[in-house]
A.B. asks: 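Pasting in a structure now, in structure tokens, and then I'll have a few things to ask.
Just so you know, residue 1 is the first one in the sequence shown, and it goes up from there.
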Amino acid sequence: MQVVDTYGHVMTGMAVKVATAEEGRRLAQLLKADSAVAAVHPVFKYQGFTQNSWLLSALERAVKDRMSVINLSMGTSWTAPLGLTFTTRLARQGVLVAAAAGNSGDDGLWTYGSPASEPDSFAVGSTDNTFSLGAALVLDTEIRVRGQATNVMAATARALMQNPLFSMGRELVLPQPRSGCDTITNKAAVAGKVVLVSSGECSENDKAINLIKAGAASVVFYDNRPYPAFKQSMNIDESIGQTAPQMFCVDQDTGLAVTKLLAAGKKITVKRVATKKYLNPNADHPSWFSSWGPDAELRMLPTFSAPGGGLLSSIPGNNFALYQGTSMATPYATGALALWRHANAKKLGSGRQALEAAKTAFITTAAPIKLANDTRFAHSVVQAGAGMIQVSSAITNTITVTPSYLSLPTGTVESTSTLTFTNTGSRPCAYQLGHTPAVSVSTENAWYEKEEMLKIAATVKFTTNTGSRELHVLHIQPGETVAIKAVVTTSEKLRAAPVFYSGYLTLTPIQPRRAAELEATLQGTPGRRMLQETLDTTSTAAAAATEPQDLDATDAEQSQLWFPPLSIPYLSLSQKYSSLSVLAERKVDVPEGRVLVSDAAYLCSLYDGSCAMKESDSLTTDPFSMEMGSHTFALPLTRPVRSAYLEIYNADSGALIGSTDIEGPIPWGGPKGLMQLPEMVTGAYWAGEYAPANRAAKTAKLGLGTYRFVLVLRKHVAVGDRAAALASPQAYLQKVDVLGRLTVTNANPDAGNSADRGFTPIPVGGK
């Protein structure tokens with residue numbers, strides 16, 4: 001199989017891990033027909049950007065070329081969708097779309113991109129590769145890293161060759177300034193040497209340019225984040241050129257250990273550099289850059305995770321390099337979807353049936369990703385989705401689960417869901433029912449501070465479909481459909497603060513002939529009677545509660561060969577989603593040193609980017625400028641907002657004059673604070689039109705006078721809360737006072753200085 005991503009990186013000979021030799025033979029038989037090849041329709045210019053029209057044209061061409069799986073290693077902010085649910089249109093034609101979740105995970109919740117946010121796409125998160133091919137920088141001096149003595153700096157490299165990279169025999173030095181962000185002042189010391197510099201403060205590309213200009217023979221970056229964080233690739237612009245000096249990256253502990261010795265006057269030489277295969281310190285865990293969900297309506301996002309950190313890819317110049325990003329994980333997932341599609345070609349229906357079948361197959365067979373330091377808990381569903389993709393399990397599994405994941409009502413003590421299982425295979429199966437809790441994630445100031453991971457979780461129990469009896473074992477005969485209940489309960493501690501809680505309902509395969517024995521052990525009830533009374537099903541066969549068939553196979557084959565482990569992810573918010581504030585609950589710093597107060601929006605000028613900072617500030621405009629859209633509104637958000645409308649009041653009398661809708665979704669200001677206008681505005685280029693409150697006319701224009709404003713924000717409704725939202729729609733509105741007044745006058749607003757208008761401009765800066 002060959003899969004090509006949006007950037008043209010080629011991944012060939014995709015490897016699929018199988019549990020047994022027999023499973024491998026079955027998988028090979030399923031795939032023995034013609035190999036699948038994905039067509040390539042480039043949509044990016046060499047600068048790395050595209051346009052909606054180019055993308056849509058490529059998608060239309062892919063459908064015309066009868067492509068059944070499409071890879072989109074691309075994305076934008078969730079606030080800038082394509083303007084249509086194109087994945088829904090593709091799904092109607094049976095086309096599966098894998099889209100990169102985004103690379104803003106270091107900023108926390110709700111950092112996913114579009115088109116990954118489209119409900120009918122497969123949003124792919126990233127995990128770090130198990131092993132990475134990197135470089136071993138052999139030193140002439142012993143260093144101590146995490147308590148161990150070594151003379152090797154394990155590194156990633158900008159470019160890799162199959163042969164040893166090169167022999168160095170060059171001295172390691174530190175630059176001045178240490179950051180490398182400004183012009184290097186110790187050029188004589190740097191020239192012809194290997195320069196060690198930390199990442200951070202400015203881009204690695206800027207540092208590289210400064211050091212190359214100073215004559216550095218090579219550059220070694222060390223990560224500015226604590227171990228086990230480890231950059232798999234460097235943000236080096238291709239404009240630097242393929243002939244630029246080799247560059248490496250090591251972890252923070254290694255970099256600090258060498259820096260300490262160099263700063264103390266120790267002379268250290270890099271004797272040689274060779275390629276090295278090393279175990280990734282964050283192997284098989286979510287990559288630091290992988291964007292977080294959930295989506296605005298609390299659907300699970302990403303859908304699942306795949307290897308995307310530290311993958312070897314081809315680069316210009318007949319060379320190789322390590323790349324990282326959800327754009328690398330997505331081609332892996334695309335290849336998996338193509339394998340699944342090919343294996344199930346004869347069984348798939350038309351249109352959306354393929355999408356629903358694929359989502360069920362990959363979500364329920366994905367493996368929860370447990371914490372490295374505490375395997376009692378898994379990574380949150382809002383970070384890892386359904387877990388690590390399992391290609392062979394998705395293809396060979398014959399148990400379908402409906403629904404494949406649970407979006408539970410928010411703010412509840414107990415939630416009960418019905419799960420339906422169908423055995424489409426020819427053999428009976430048995431599972432032990434269980435629960436893998438995930439860490440909970442605090443929503444408090446989630447975009448302004450790093451999320452807090454909490455080792456508190458809900459509890460789960462399983463019952464018969466009527467709720468009459470607790471279950472521990474599930475047994476399904478061939479062709480049988482079984483329905484059971486899953487009850488998720490939250491504690492007072494979990495509900496004390498607004499946190500995203502999640503986890504996985506697990507089904508571990510066991511030998512069918514041992515199911516009764518296990519159930520009796522767990523339940524304390526005689527095995528045969530317990531097995532006969534365990535399940536409520538939708539099939540007539542279950543009414544007779546027939547004895548399970550014994551299988552002529554070994555225990556290992558019974559437990560792993562035919563039925564892989566299954567899991568059903570669930571997700572919810574511990575408090576009502578409608579009660580979660582839209583605005584920042586603490587003050588937000590602006591780079592100029594100013595502070596925006598919390599719980600307010602700001603009247604802003606598009607002339608100079610200035611905003612009113614207190615209620616008494618007054619901005620002035622004239623009718624002509626107003627019609628040109630000279631003013632707008634800004635606010636620091638802490639969660640996505642569906643849409644908003646503006647209430648307009650006479651500032652003197654306080655009377656409501658009218659209102660106007662603001663087209664949504666509202667762009668948000670980014671995880672760390674306010675961003676440059678107009679990305680932080682809600683009503684960019686508002687021309688003063690509104691609907692009069694007295695309904696004397698359909699529309700009117702803002703005339704001369706002074707006005708104040710109130711923004712009314714429409715919150716998203718969680719999928720699990722839709723029924724409750726219909727009963728109390730007002731709970732999903734939040735009114736926000738807008739600081740400042742707007743005076744419309746015939747005078748030229750540019751006449752005189754800002755002080756003459758009683759307002760001192762305060763620019764709104766970037767992150």
A.B. asks: Please name the pair of heavy atoms, one in Phe122 and one in Ala358, separated by the smallest distance, quoted to 0.1 Å.
C.D. replies: CZ-CB, 3.7 Å
A.B. asks: Supply the atom-to-atom distance Phe362 CZ to Ser393 OG, rounded to the nearest 0.5 angstrom.
C.D. replies: 10.0 Å
A.B. asks: Can you tell which of Arg92, Arg352, Arg89 makes a side chain to side chain contact (heavy atoms under 4.5 Å, CB included) with Asp120?
C.D. replies: Arg352
A.B. asks: How many angstroms lie between atom OG1 of Thr400 and atom CD of Glu356, to the nearest 0.5 angstrom?
C.D. replies: 12.5 Å
A.B. asks: Under a 3.5 Å cutoff, is there a donor and acceptor pairing between the side chains of Thr365 and Asn397?
C.D. replies: no
A.B. asks: Which of these, Thr398, Leu566, Asn423, sits in a side chain to side chain contact (heavy atoms under 4.5 Å, CB included) with Cys429?
C.D. replies: Asn423
A.B. asks: Side-chain contact, heavy-atom cut-off 4.5 Å: Thr402 with Leu419?
C.D. replies: no
A.B. asks: Which of parallel (below 30°), tilted (30 to 60°) and perpendicular (above 60°) describes Phe563 and Tyr431?
C.D. replies: perpendicular
A.B. asks: Would you say the side chain of Pro115 lies within less than 4.5 Å of the side chain of Ser121, judging by non-hydrogen atoms?
C.D. replies: no
A.B. asks: Looking at NZ of Lys485 and OG of Ser417, how far apart are the two atoms once the value is rounded to the nearest 0.5 Å?
C.D. replies: 9.5 Å
A.B. asks: Dump the intermediate steps for ring-ring contact (aromatic ring centres under 6.0 Å, His included) on His435 and Tyr570, then the final yes or no.
C.D. replies: CA-CA 11 Å; His435 174 224; Tyr570 67 87; 5.7 Å; yes
A.B. asks: Report the C-alpha separation of Ile476 and Val482 in whole Å, then their side-chain angles, then the decisive distance to 0.1 Å, and conclude whether the side chain to side chain contact (heavy atoms under 4.5 Å, CB included) test is met.
C.D. replies: CA-CA 7 Å; Ile476 317 174; Val482 176; 3.9 Å; yes
A.B. asks: Take Asp295 and Ser117 through the side-chain hydrogen bond (donor to acceptor under 3.5 Å, both in side chains) test and state the conclusion after the steps.
C.D. replies: CA-CA 7 Å; Asp295 84 349; Ser117 57; over 6 Å; no
A.B. asks: Measure the OG-CG distance between Ser291 and Leu301 for me, rounded to the nearest 0.5 Å.
C.D. replies: 9.0 Å
A.B. asks: Using side-chain hydrogen bond (donor to acceptor under 3.5 Å, both in side chains), reason through Asp721 and Thr410 one step at a time and then give a plain yes or no.
C.D. replies: CA-CA 7 Å; Asp721 295 343; Thr410 64; 2.5 Å; yes
A.B. asks: Using side chain to side chain contact (heavy atoms under 4.5 Å, CB included) as the criterion, point out the one residue from Ile568, Val460, Val381 that pairs with Tyr504.
C.D. replies: Val381
A.B. asks: Measuring from atom CZ of Arg722 to atom OG of Ser407, what distance do you get when rounded to the nearest 0.5 angstrom?
C.D. replies: 9.0 Å
A.B. asks: Tell me, with the steps shown, if Tyr405 and Leu571 meet side chain to side chain contact (heavy atoms under 4.5 Å, CB included).
C.D. replies: CA-CA 8 Å; Tyr405 72 93; Leu571 168 67; over 6 Å; no
A.B. asks: Roughly how far, to the nearest 0.5 Å, is the CE atom of Met388 from the NZ atom of Lys370?
C.D. replies: 14.0 Å
A.B. asks: Please determine if Arg642 and Glu297 form a salt bridge, counting it only when a charged side-chain N lies under 4.0 Å from a carboxylate O.
C.D. replies: no
A.B. asks: Would you check if there is a donor-acceptor pair between the side chains of Ser290 and Thr326 at a distance under 3.5 Å?
C.D. replies: no
A.B. asks: Should Thr481 and Thr422 be marked as a side-chain hydrogen bond (donor to acceptor under 3.5 Å, both in side chains) after you check the CA-CA gap, both sets of side-chain angles, and the distance that decides it?
C.D. replies: CA-CA 4 Å; Thr481 296; Thr422 300; 3.0 Å; yes
